[in-house]
Amino acid sequence: MASPSRALEPTRTGAQLRADRLVGLVGRVRELGLLIALAAIVALVGAQQPRFLTASNARQILLAVSILAILAAGQTLVVLTRNVDLSAASMVGLVAYVAGSILRDNPGFSVPLVVLIGCALGVGLGAVNGALVTLGRVPAIVATLGTLYVFRGIDYWIASGKQVVVSDVPKSYRDIAMTRVSGVPTPIIFAAAIALLVAYALHYTRVGRQLYAIGSNPDAARLAGIQSGRLVFGAFVASGLLAGIGGILWGSRFGAIDARAASGYELQVVAAVVVGGVNIFGGSGTVLGAVLGAVLLGTIANALTILRLNPFWLQAISGGAILIAVTIDLLITRRLQQALIARRNR
Amino acid sequence: MDRLTPPRADQRGSTGPVLATLDAPTATPVVELVGVTKGFGAVQALRGVDLALYPGEVHALVGENGAGKSTLVKMLAGVHRPDSGVLRINGEETVFHGPLDARNRGVAVIHQHPTLFPDLDVAENVFMGRQPRDRVGRVDWRAMYREVERLLGTLGVRIGVRTPVKALSVADQQLVEIAKALSLNARVLVMDEPTASLSAREVDRLFAIVRQLRAQGVAILFVSHRLEEIFALSDRITVFRDGAHVITAPAAELTTESTIRHMVGRKLEALFPKEEAEIGRVVLEVRGLTRTGVFRDIGFRLRRGEILGFFGLVGAGRTEVARVLFGADRADAGEIRLDGRTALIDSPQMALRCGIGYVPEDRHGQGLVLDFPISANVTLPILARVSRLGLLDRRREREIAADFAKRLQVKAAGLGAPATSLSGGNQQKVVLAKWLATDPKVLILDEPTRGIDIGTKAEVHRIVSHLATQGMAIILISSELPEVLAMADRVVVMHEGRVTGEFERAEANQENVMFAATGQVAIPARSGVAGNGVA
């Protein structure tokens, strides 16, 4: 037995140092892997098509994924708690249409108020998901699959075949997403700000820590006095709020909105999160990873367009990216476990 | 009652309708283990045991928790392979290459909790994986249902063959397992605690079937804690202690008293000497605490500076009581009083607020968040205290974690090391640190030294003992009798959900505590604090 003073003192051998470094690295390795994949794509495609490497193309890619990144940040919160929100895209579509139709039907209506209404609607829809999962105890994948259709159905019902066209909404509304600040389109700024905020909250707040604990070991979290129900509810509400913001940006950016807006986007959101190294079974992953996942998927899409490949490949390659990402993730985790066990049995 | 060894000739070789006729001209054991050992890491579960099962006998295997019964059962089930020693089936040396192999060699194991497919019906469960086929290769459903009906008929039980298994009681599910064993022509039936969750009538029915199987020449190994049942049913009894064989004798030659003495008769190893703590006022008082179907009418008092040992055999309901005290489960009746006032503890948050801490039995499943570093694990229940306006104060978190890690001598690469990287003993210290950080008045420790090395174990004893001297009231749940006797000021003994004894430190010894734990003592008076000694 060691004397008290020896406890916790670093007495490390070479092998142990390597293990320590490995442990330290793995915290970031998922993001690192994504960056390497991103660099590889950029290098390969750039060699073929110099146009791919221009600043304007980079801006193009980031603009295209900005809403996806915002939704991925919200999805990360939910997935960390061992849940999933499949209704994100339906919320985006509903908010986008409701906001646009208010502006169309009430000329002169306050734009800030519409933004607020959109966010509040997102919060409300998120609360429905949260209540179904925490109070109703419906498994999240089923609950949000249901609301995916219900929210979209409400969208169709409200729209009843009509649409909002560009001339229906005031310029100040379009300006939200169509302005540039020192050359950077505002959606990219919004996305970056939101991703940083959520990442900060996950890392530096009590609630953030508790979300990880719930996903990592629900029983231990409960015995530690963590009120899982409230926090999971909160995660769904946050996801709804971010979908609300996404909906406003969508409406502002595209101007023309019908009830199909953002249809099918939900799986891209989940794909971004999973590619970004967030464990689909909860407990680990970062917002940075999820955002990088969104960027990676956007870059692949852009590269295929620039290389003039059949869009059919987009789907297949996105799918391939998910499989590769998850497989690598599993391999790393297993290697890490082995390293840790080896060290423990030293 | 026939308690003969070897079994009577007329019991062997009888013509059961299902089983192949057994030819055992001389008494060759169907199963024989010779000098079998098995270790798991540092723990030696079996240290060279011998056991022989003869056709047509009911052979009981008894022993304390950790005596090696489960390991032996798993060995016969083909789950574990002996490290050394010999397994013979019908006198022929054999190695089981897995559960299927064991089954094919005629050994069937019926576990305490039947391992069936709940959504499938009875017949499908009996024939899972070997459904009868018709000429084209399709499952022959009619033949299957007919055969299972016949099997259940020979057992004399009425269970619908098309009933989904989840609709059956545990007792009926066991009968399905037995039917499965019969359909496999099993000649050895191993029953691991089969009666633990059965009613008295169900036990009678099961025993009638066991006797019928014995008459048909099946060898039955009956593993149980319930001594009265063992004496009612078995022909021979084997006692294990700490992984070693103690005695095998005809049941007629043993008594309850002598069996218990064989179970516990070990020297008390040198444990950490308990520090004398000043025992103060009553902190926690429990009266008539009941959770239907789990435990009932539990009553005890816990004082400041006192270590109250909770002893019982597996399934006695100790953990379940602890979970109710901590608000993780709800009681159906009874009262919990803290500092003389009724406390309504309906959630772990409430328990924390009341100053109760709970170190759970299952370190990995409930104690730790394995992905989290040490510091985050320690501060998980006290995040409110290490954060301001919802923002974590990481320096304060590190300070608190470092303080406890030093006090408990956690050995790790650093506070940032994930809990997975620690040894079992150090993980347990982290769990302890986590609950000590909540500054509890009452600390419930559930099997705090299970699976950790002897050195760390002594350290945990030292820490617990020291906490008591500082006035903490401690409930120590343990399945290790020496640990309880060495550490506890008082011992409460539970048996099948009830308190069956309470002993002061001076009067508690291995025999009387084990007597109470096997349910041999009259239930104490309703007050829950009387009833010392042996009835």
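All figures in this text were calculated on a predicted structure; none of them were measured in a lab. Residue numbering restarts at 1 for every chain, and letters A, B, ... go by the order of the sequence lines.
Heavy-atom pairs under 4.5 Å with chain B peak, among A:G208, A:A201, A:P218, A:S216, at A:S216. Residue with the most contacts toward chain A among B:M350, B:R394, B:K434: B:R394 (heavy-atom pairs, distance under 4.5 Å).
The residue from B:V369, B:L370, B:N377, B:L368 that alone fulfils the side chain to side chain contact (heavy atoms under 4.5 Å, CB included) condition with A:N217 is B:V369.
Atom CD1 of A:I141 has 12 or fewer neighbouring heavy atoms from other residues, nucleotides or ligands inside a 6.0 Å radius.
Counting only heavy atoms from C-beta outward, the side chains of B:L380 and A:I226 approach each other to under 4.5 Å. The shortest side-chain heavy-atom distance between A:L223 and B:P360 falls under the 4.5 Å cut-off.
The two residues B:Q349 and A:G225 come nearest to each other via the heavy atoms CG-O, 2.9 Å. Scanning both residues, B:A328 and A:R222, for their nearest heavy atoms gives O-NH2, 2.8 Å.
Looking at B:E397 and A:R206, no side-chain N of the basic residue comes within less than 4.0 Å of a carboxylate O on the acidic one, giving no salt bridge.
B:A351 does not touch chain A: none of its heavy atoms, backbone or side chain, sits under 4.5 Å away. For B:T438, no part sits under 4.5 Å from any heavy atom of chain A, backbone or side chain. Only the side chain of A:Y200 has a heavy atom closer than 4.5 Å to any heavy atom of chain B. Neither the backbone nor the side chain of B:S347 has a heavy atom closer than 4.5 Å to any heavy atom of chain A. B:R407 does not touch chain A: none of its heavy atoms, backbone or side chain, sits under 4.5 Å away.
A donor-acceptor pair is defined here as one N or O able to donate and one able to accept, closer than 3.5 Å; no such pair exists between the side chain of A:R209 and the backbone of B:L383.
Under the 3.5 Å distance criterion, with hydrogens and angles disregarded, no donor-acceptor pair is assigned to the side chains of B:D371 and A:S284.
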